[in-house]
*Asks:* 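Dropping the structure in here first, questions after.
Residue numbers start from 1 in every chain, and the chains themselves are labelled A, B, ... in the order their sequence lines are given, proteins ahead of strands.
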Amino acid sequence: MSNQGSKVIKLSSGCTNPVTCPLNQVKAGTAVKIKQLDAPPEVAHRLREMGFCEEQKLRLLTQNTTIICQVCNARFGLSTDLARQILVEPLPVFRQAS
Amino acid sequence: MPPITDKPVAPAQVVLTGNPNCGKTTVFNALTGLRAKVGNYPGVTVERKEGRLLGVAREITMLDLPGTYSLSPNSPDEQIARDVLLQRIAKVPAPDLVVIVVDASNLHRNLYFATQVIELGYRTILALNMVDVATQNGKAVNPRLLSELLEVPVIPLVASQGSGIAELRLEIVRFLDAPRPAHPGFFGDLPPVYLREIASLAELLGGQAAPGAPFNRHAEALLLLGDSRPVKSLVLAQPAPIQDQARAARRRLEEAGLDWGTKPIEARYACIAALCDAVITEMADVRETLSDRLDRVLTHKIWGVLIFLGLMTLMFNSIFILAKLPMEALDAGVNWLGQQVGRMVPPGDLHSLLEQGVFAGVGAVVVFLPQICILFLFIGLLEDTGYMSRAAFIMDRFMSKVGLQGKCFIPLLSSYACAIPGIMATRTIENFRDRLATILIAPLMSCSARLPVYTLLIAACIPDRQLAGWIPLQSLTMLGLYLLGTGAALLVAWLFKSTFLKGPPPLLIMELPPYKRPTLQGVLLHMWQRARMFLHSAGTLILCLNIVLWFLATYPHSAEREQHFAQLRQAVGSGVAPAGVGQAALAARVEREIAELNAQEAAERLQTSFAGRMGRFIEPVLAPLGFDWKIGIGIIASFAAREVFVSTMSTVYSVGNADPSASNRSLVQTLREQIRPDGGRLYTPASGLSLMVFYVFALQCASTVAIVRRETNSWKWPVFQWCYLAVVAWIMAFATYRLLLYLGF
Ligand SMILES: Nc1nc2c(ncn2[C@@H]2O[C@H](COP(=O)(O)OP(=O)(O)OP(=O)(O)O)[C@@H](O)[C@H]2O)c(=O)[nH]1
């Protein structure tokens with residue numbers, strides 16, 4: 001489960017490239033799509049079961065030292081460490097949350 | 001094909017399962033009323049809630065399983081749920097029917113687990129709960145279509161208002177007699193290679209000793225294949241050949257280019273997405289909900305923390321302030337009852353056992369009941385409103401600095417009141433290592449039973465002076481003792497978590513359920529169940545320990561001494577009134593003298609008792625700390641409960657102990673007057689602080705030991721905890737004593 005293929009670019013704030021970036025670097029209010037889980041297999045397994053599958057869309061609600069995001073109507077709090085292991089692709093902006 | 005012959009025999013076993021926070025407990029309470037039994041599963045401390053289905057003639061047992069996200073468990077709670085459904089626990093009968101509770105407002109995620117359970121092939125009913133919340137969110141779920149697609153009955157519910165419960169009850173009774181469903185397929189398309197591996201593994205699983213095929217082995221095979229962690233059943237391990245087969249099958253799947261871990265999850269979610277598309281109608285666009293707005297404040301970096309600290313202050317203060325009156329009443333009640341019983345039983349061993357072993361000992365623990373009730377009332381409210389997960393989320397940042405997690409905070413805070421409810425509250429921590437670390441450090445939080453000891457010793461040993469002109473030295477000492485315990489707890493937590501309890505740092509992922517209005521009934525019920533659990537342990541283990549301690553403090557008897565004192569008493573009683581002293585004054589004097597004699601006798605008895613001998617025996621160990629053997633008796637007696645130190649010391653020094661609070665002042669005086677063999681005072685600031693520091697650390701509370709034994713299900717941890725705290729207590733007290741002596745106190 002290494003990040004073969006897709007290149008990971010780390011930006012300090014917001015992600016403008018259509019390339020994957022870790023969830024902890026996405027701006028609050030953005031809708032993104034999960035591209036890859038870079039976590040150890042057990043963690044990835046659990047994340048998938050909770051609904052964090054590849055190609056799943058999610059919305060980032062807050063982005064502090066911890067992260068809250070919404071996946072199919074369920075809200076989750078994540079630590080930054082975990083968010084770093086979720087690689088996402090920003091969706092074309094169609095509904096930016098206020 | 002599972003055989004259809006197994007007609008359920010009375011009492012039928014109905015199992016309730018579902019995701020966390022789907023309202024399962026509310027459904028369970030509505031179905032079973034208030035008489036559910038709360039116990040533990042054999043071998044683990046996962047709560048087992050059982051009750052009888054109300055309002056039906058037939059005897060039907062309902063079992064509430066812990067909330068679970070999937071059948072591949074991540075915590076002991078989830079493991080139990082899986083083990084019950086896969087019939088791996090010998091003492092839990094096989095389910096005749098399974099009721100899956102799902103949250104209609106979050107159908108996607110809930111159906112993941114629900115479809116896993118349906119595949120097991122039990123008679124299954126889907127309880128579609130929280131329909132009101134879904135409606136509020138602008139969603140309509142079509143139960144009839146859902147039932148057709150899942151091929152199980154679907155009953156819509158709003159459990160918190162009781163609507164739909166009657167229908168669910170009828171359906172349970174009706175469906176119990178229905179034939180078992182035929183082999184259900186899988187939800188989600190799996191490639192043929194995968195299905196072939198499942199079929200061959202299922203055959204192997206079915207070939208095990210289990211009589212008949214109690215559930216769909218194909219579903220079990222799928223679980224086994226998709227999860228590479230060794231299936232660690234808590235009770236029954238998966239035999240090695242099956243593990244090997246599964247490993248081989250996974251290798252073959254890998255060779256075929258299949259990701260065996262991800263594929264089933266993806267397939268299931270794809271199927272669920274199609275299902276949800278069909279059954280959910282979006283009636284309105286989702287606006288920002290109240291939960292969204294609340295969360296913006298309550299999980300805010302700064303506001304969130306402030307609000308949390310405010311709430312904790314409120315809770316902590318209420319525990320002390322609100323509980324004060326009922327505690328005093330309870331104390332008086334227990335005393336009164338003890339006296340009543342004491343009056344009925346003639347003086348002698350039985351009398352002393354009842355009065356000192358049972359009423360005084362157990363009473364000392366039972367007075368904490370109001371604190372426990374208030375604490376669990378708060379915890380219940382915090383949990384049912386949905387705030388608890390936010391609190392844990394907020395505290396996580398701080399607690400992770402010492403290797404613990406956010407959920408450890410509340411148990412630790414509760415331990416300032418009493419370690420027992422604190423340790424009971426650790427049940428919400430899923431990670432066993434974190435839970436154990438929390439249990440191990442909980443007694444370091446200075447509990448309210450230590451307060452009387454601190455108060456007495458501070459009054460006796462610390463001069464009533466101001467530091468730098470305005471800081472009262474006595475209050476400063478008290479604060480210092482609390483801080484010492486807390487600081488040590490965090491340090492020890494860090495130490496344990498970076499050594500033998502080391503684990504991968506838990507990756508925090510926590511569902512934040514929408515805020516809800518809690519139901520009064522649910523919160524009160526939660527409180528009552530905890531209170532009952534506490535009373536139960538007070539009535540069993542704690543009672544036994546107190547009887548043992550009573551025995552040590554009372555035996556052996558000495559006939560000589562008894563005779564001697566009986567003679568003395570007689571001599572006092574037969575005295576003649578000297579001239580000028582009235583009858584009444586004489587009677588008063590006789591009474592006083594007899595009381596003094598009684599106190600003297602009690603002191604002598606204690607000194608020659610096993611406890612007294614133990615006090616002398618451990619004196620060499622205690623001497624370097626500045627304690628003598630009489631303090632040793634106090635320390636030994638404190639194992640019943642710490643505050644017993646006060647009453648024991650008054651017995652040791654034979655201060656008339658008719659009324660403990662009134663005698664406190666004279667006890668302080670007595671302590672100040674104690675002289676060492678070398679002529680110096682015994683209770684100096686150095687020895688006093690040394691003793692207080694000892695009390696901060698030492699695990700002198702048999703009840704805590706008993707609770708830790710129950711919560712960890714082994715003697716290993718309480719023994720370890722006791723020993724490490726004893727060693728630390730000794731070293732710290734020694735260091736304090738020597739340092740203060742060196743500084744010239
Ligand atoms: N609005 C609404 N609230 C509900 C409904 N059912 C339960 N609740 C509330 O949801 C909250 C959580 O319910 P619980 O019964 O404790 O949930 P649970 O599934 O047992 O949660 P765990 O103990 O974590 O497994 C409580 O505040 C209930 O009052 C419902 O149908 N509608």
*Asks:* Using 0.5 Å steps for rounding, measure from the CD1 atom of A:I68 to the CG atom of B:D295.
*Replies:* 5.0 Å
*Asks:* In terms of heavy-atom proximity below 4.5 Å to chain A, should B:S400 be classed as side chain, backbone, both, or neither?
*Replies:* neither
*Asks:* Please round to the nearest 0.5 Å and tell me the distance separating atom NE2 of B:H108 and atom CD of A:Q56.
*Replies:* 7.0 Å
*Asks:* Kindly give the heavy-atom pair with the smallest separation between B:N106 and A:A74, and that separation in Å.
*Replies:* ND2-CB, 3.2 Å
*Asks:* If you compare all heavy atoms of B:G261 against all heavy atoms of A:H45, which two are closest, and at what distance to 0.1 Å?
*Replies:* O-CD2, 4.1 Å
*Asks:* Report the distance from atom CZ of A:R46 to atom OG of B:S70, rounding to the nearest 0.5 Å.
*Replies:* 5.0 Å
*Asks:* Rounded at 0.5 Å granularity, tell me how far CD in A:E49 sits from CZ in B:R268.
*Replies:* 9.0 Å
*Asks:* Among all residues two or more places apart in sequence or in another chain, which pass the ring pair (Phe, Tyr, Trp, His ring centres under 6.0 Å) test with B:F113?
*Replies:* none
*Asks:* If I measure from the heavy atoms of chain A, does B:N110 come under 4.5 Å with its side chain, its backbone, both, or neither?
*Replies:* neither
*Asks:* To the nearest 0.5 Å, what is the distance between CG on B:D396 and CG on A:L78?
*Replies:* 11.5 Å
*Asks:* Report the residues that fulfil ring pair (Phe, Tyr, Trp, His ring centres under 6.0 Å) with B:F409, sequence neighbours left out, ordered by chain and then residue number.
*Replies:* B:F308
*Asks:* Does the B:Y112 side chain pair with the main chain of A:M50, one donor and one acceptor, at a distance under 3.5 Å?
*Replies:* no
*Asks:* Could you give the distance from OH (B:Y269) to CZ (A:F52), rounded to the nearest 0.5 Å?
*Replies:* 9.5 Å
